[in-house]
Amino acid sequence: MTRICLCLTGKTIASDLELLNKYRDYIDVAELRVDHLNADERFYIRRFPELAGLPVILTIRRKIDGGLFELSESSRVTLLSQGLAYAKPDKRCNFAYVDLEEDINIPSLEEVARAFDTRIIRSFHNLKSTDPNIISRIRAMSHVGDEILKAAVTPTCLDDVTKVFSAAKELKDCEKIIISMGDMGVCTRILANKIGSYLTYTAPRNELNFPGPAQGQLDPKELSEVFRFKKIDDKTAIYGITGYPLQATASPQFFNSVFARTNRNAVYLRFPADSIRSFIQLADELNMFGASVTIPHKETLLDYLTTTSDEVKNVGACNTIVRSKNGWSGYNADTTGFSSSLLNFIGKNSFKGMRVTMIGAGGAARAVAAELFRLKAKVIILNRNINRAEELAQKYKFEFNTISDDGIKRMNKYSDIIIQTTSVGMEPNIENDPLLQYRFTGKEIVMDIIYKPAKTHFLNRAAAAGCRIINGYDMFMRQAKMQYYYFTGENYPEDDNKAKTPE
């Protein structure tokens, strides 16, 4: 079973202990990052394991390896020696592990560690890329056979993450810690049990006097409670969401919550993907069961599907895939997720007689346009790229224009409802507004399919003018419930425990 390790990067021993005690229920191991301690605090590291009361890794990370230690190498070796010296008969009072880089060759230090049953983690850190020969490099860096081999590499694309998962399979015969760093590599930390990693590193979030987690590290409470890390095993079904940059999504919280509530052995992760080809390759490597697909991959995904639903064929975009015996099957839950949400909001069962402006012409817009057409709306599509707007509009004989003074002027005839379907205004770029030139009259019904933030700059302007507004959260919930059905073949279990057929 993979251990959860909390990285302690406080400036004082006392602050590290305070944080360790706060997260003690969620972790198995702590890593004392001596390089983060104030200079005068480093004299007292020897007593830390006894005060901690759980296994501790002694780490003094050099700056070239991503740490803060800038003094001479002899000073670092002296500190390491002081941390390991004066061992006590009770092993719990000594450091359980010491992290030594692959280029460190100090037999006397290693002998002391082994004499006192302190295990050596032999590590290398590639802060720029992922080594093409990662398997041979990991095998070659072992000095003695009892070492735990650690590789922390940086992906430049999702293919690099797939390479790490593949390497982990090849290295199943050795004790290892293998990590793909950064946002793309979060999945390697959550699935550490799946790849046989000896431990996974976590860091506290939003703690006073502590730096935030290194990019890609999760808070230990989040890892344990949201992703149920300790329950992930060889039989755990993997689901996820892919898109790029994929910084604002509630899907992991939604699906992992319902998986826990239904005692389903499954986990749902984020997979930021620079290309849909890379994601499909990773999904095959992990034998993923299904995935949600968002901007910008909803259309390019079609080339990788074996079968598609009628909605996907009609819309020309897909937001849900499920593995089948013959390949990937594609569905689109955006369509009725959108229409049922907006119709419920306005209290109607169709858009007949209503004139609508739709902003955007991407994958989400295709689903919205299909439903507006099916439910009898009159529509103009505005998009920065006129060719994209024209292509989508011609399918349904809608009007179209660019987001320009002329397009804004044309909106006067299509202003019963305004629907924003692009990613403009999504976290973290919350100040952006896709239609800044437009002045709301207060009579429009305005929908933005973004839900993080709950009110975009676009929606705030509409609300300030007196418009009725709705964000995309209810749409998200409706389509997520449909996706749960596609993924599992079971109706979403409502909170009142009464099952409902997906809308």
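Sorted pairs that involve residues 307-316 and meet salt bridge (Lys or Arg N to Asp or Glu O under 4.0 Å), not counting sequence neighbours, are lacking altogether.
Within the 4.5 Å cutoff, the side chain of N319 has heavy atoms near those of the Q483 side chain. Side-chain contact between P493 and V258: present, with at least one pair of heavy atoms (C-beta onward) separated by less than 4.5 Å. When side chains are defined from C-beta on, L149 does not count as touching L171, because their heavy atoms never get closer than 4.5 Å. Residues I238 and K194 form a side-chain contact, since some pair of their non-hydrogen atoms from C-beta on lies under 4.5 Å apart. For the pair Y201/L199, a side-chain contact is recorded, criterion being any heavy-atom separation below 4.5 Å from C-beta on. Taking 4.5 Å as the limit, every side-chain heavy atom of H297 sits out of range of all side-chain heavy atoms of Y304. The closest side-chain heavy-atom distance from T236 to F289 is not below 4.5 Å. In this structure, the side chains of V368 and D334 stay at 4.5 Å or more apart for every pair of heavy atoms.
Counting only N and O atoms by type, the side chains of T162 and D159 include no donor and acceptor under 3.5 Å apart. Between the side chains of S329 and T307, at least one donor N or O sits under 3.5 Å from an acceptor N or O. T306 and N326 are not linked by any side-chain donor-acceptor pair at a separation below 3.5 angstrom, with hydrogens and angles left out of the test. Of the N and O atoms on the side chains of N94 and D117, not one donor lies less than 3.5 Å from an acceptor on the other residue. Inspection of the N126 and T154 side chains reveals no N or O donor paired with an N or O acceptor under 3.5 Å. Between the side chains of D219 and Y26, no donor-acceptor pair is found at a separation under 3.5 Å.
By the 6.0 Å contact criterion, NZ on K91 is open, its count of non-hydrogen atoms from other residues, nucleotides or ligands being 12 or less. Summarising the local packing, CZ of R114 is surrounded by more than 12 heavy atoms from other residues, nucleotides or ligands at distances under 6.0 Å. More than 12 heavy atoms of other residues, nucleotides or ligands shown are found within 6.0 angstrom of OH on Y97. Atom CZ of F116 sits in a crowded spot, with more than 12 heavy atoms from other residues, nucleotides or ligands closer than 6.0 Å. Atom NZ of K231 sits in a sparse spot, with 12 or fewer heavy atoms from other residues, nucleotides or ligands closer than 6.0 Å. For E101, the CD atom counts as densely surrounded, since its 6.0 Å shell holds more than 12 non-hydrogen atoms of other residues, nucleotides or ligands. Other residues, nucleotides and ligands place no more than 12 heavy atoms under 6.0 Å from the CG atom of D234.
Taking CG of L32 as the start and CD1 of I13 as the end, the distance is 5.5 Å to the nearest 0.5 Å. Of the inter-residue distances, the one linking I138 atom CD1 with F124 atom CZ reads 5.0 Å to the nearest 0.5 angstrom. Summarising the geometry, atom CZ belonging to R270 is positioned 5.0 Å from atom CG belonging to L246; distances are rounded to the nearest 0.5 Å. In this structure, the separation between CG on L84 and CD1 on I45 is 8.0 Å, given to the nearest 0.5 Å. Atoms CD1 and NZ, from I177 and K150 in turn, are 6.5 Å apart once rounded to the nearest 0.5 Å. The CG atom of N133 lies 9.0 Å from the NZ atom of K163; values are rounded to the nearest 0.5 Å.
Residue P220 comes nearest to I27 through the heavy atom pair CB-CG2, 3.9 Å, listed as atom of the first residue, atom of the second, then distance. Contact record, R137 with D131: NH1-OD2, 2.6 Å, taken as the closest heavy-atom pair. The shortest non-hydrogen separation linking N332 to A367 is OD1-CB, 4.0 Å. Minimum interatomic distance between G10 and L37 (heavy atoms only, all atoms of both residues): O-CD2, 3.5 Å. Between P204 and L6 the shortest heavy-atom distance is CD-CD1, 3.8 Å. Shown here for L158 and A273, the closest heavy-atom pair between the two residues is CD2-CB, 3.6 Å.
Panel note: side chain N21, backbone L17; a donor-acceptor pair is recorded below 3.5 Å. Using modelled atom types, one side-chain atom of R119 and one backbone atom of D146 make a donor-acceptor pair closer than 3.5 Å. T335 places no side-chain N or O within 3.5 Å of a backbone atom of E371 that could act as its donor or acceptor partner. Judged by distance alone, with hydrogens and angles left aside, the side-chain atoms of R366 form no donor-acceptor pair with the main-chain N or O of L392 at under 3.5 Å. A donor-acceptor distance shorter than 3.5 angstrom exists from the side chain of N256 to the backbone of Y268, with no hydrogens or angles considered. A side-chain donor-acceptor contact under 3.5 Å links N193 to the backbone of T2. In this structure a side-chain-to-backbone donor-acceptor pair under 3.5 Å is missing from D35 to I60. Within the 3.5 Å criterion, the main-chain N or O of F95 finds a donor-acceptor partner in the side chain of T118. Looking at T242, its side chain does come within 3.5 Å of a backbone N or O of F271 through a donor-acceptor pair. Using modelled atom types, one side-chain atom of D448 and one backbone atom of I450 make a donor-acceptor pair closer than 3.5 Å.
Between D284 and R323 there is a salt bridge, since at least one side-chain N of the basic residue sits less than 4.0 Å from a carboxylate O of the acidic one. The pair R92-D90 counts as a salt bridge, with a side-chain nitrogen and a carboxylate oxygen less than 4.0 angstrom apart. Using a 4.0 Å cut-off between charged nitrogen and carboxylate oxygen, R122 and E110 count as a salt-bridge pair.
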Under the side-chain contact (heavy atoms from CB on, under 4.5 Å) rule, what do Q420 and L459 come out as? Steps first, then yes or no, please.
-> CA-CA 9 Å; Q420 202 292 107; L459 279 188; over 6 Å; no
Check step by step if side-chain contact (heavy atoms from CB on, under 4.5 Å) holds for K169 and E285.
-> CA-CA 10 Å; K169 287 182 180 178; E285 174 70 29; 3.1 Å; yes
Which is it for C318 and I321 under the side-chain contact (heavy atoms from CB on, under 4.5 Å) test, yes or no, and what are the steps along the way?
-> CA-CA 8 Å; C318 173; I321 59 173; 3.9 Å; yes
F338 and I419: CA distance, side-chain angles, deciding distance, side-chain contact (heavy atoms from CB on, under 4.5 Å) verdict | CA-CA 10 Å; F338 153 71; I419 304 167; 3.7 Å; yes
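Cation-pi geometry between R61 and F69 is not met at under 6.0 angstrom from the ring centre and within 45 degrees of the axis. A cation-pi arrangement is absent between R228 and F259 under the rule of less than 6.0 angstrom and at most 45 degrees off the ring axis.
When each of Y492, F487, Y486, F227 is paired with F255, the ring-ring contact (aromatic ring centres under 6.0 Å, His included) condition holds for F487 and for no other.
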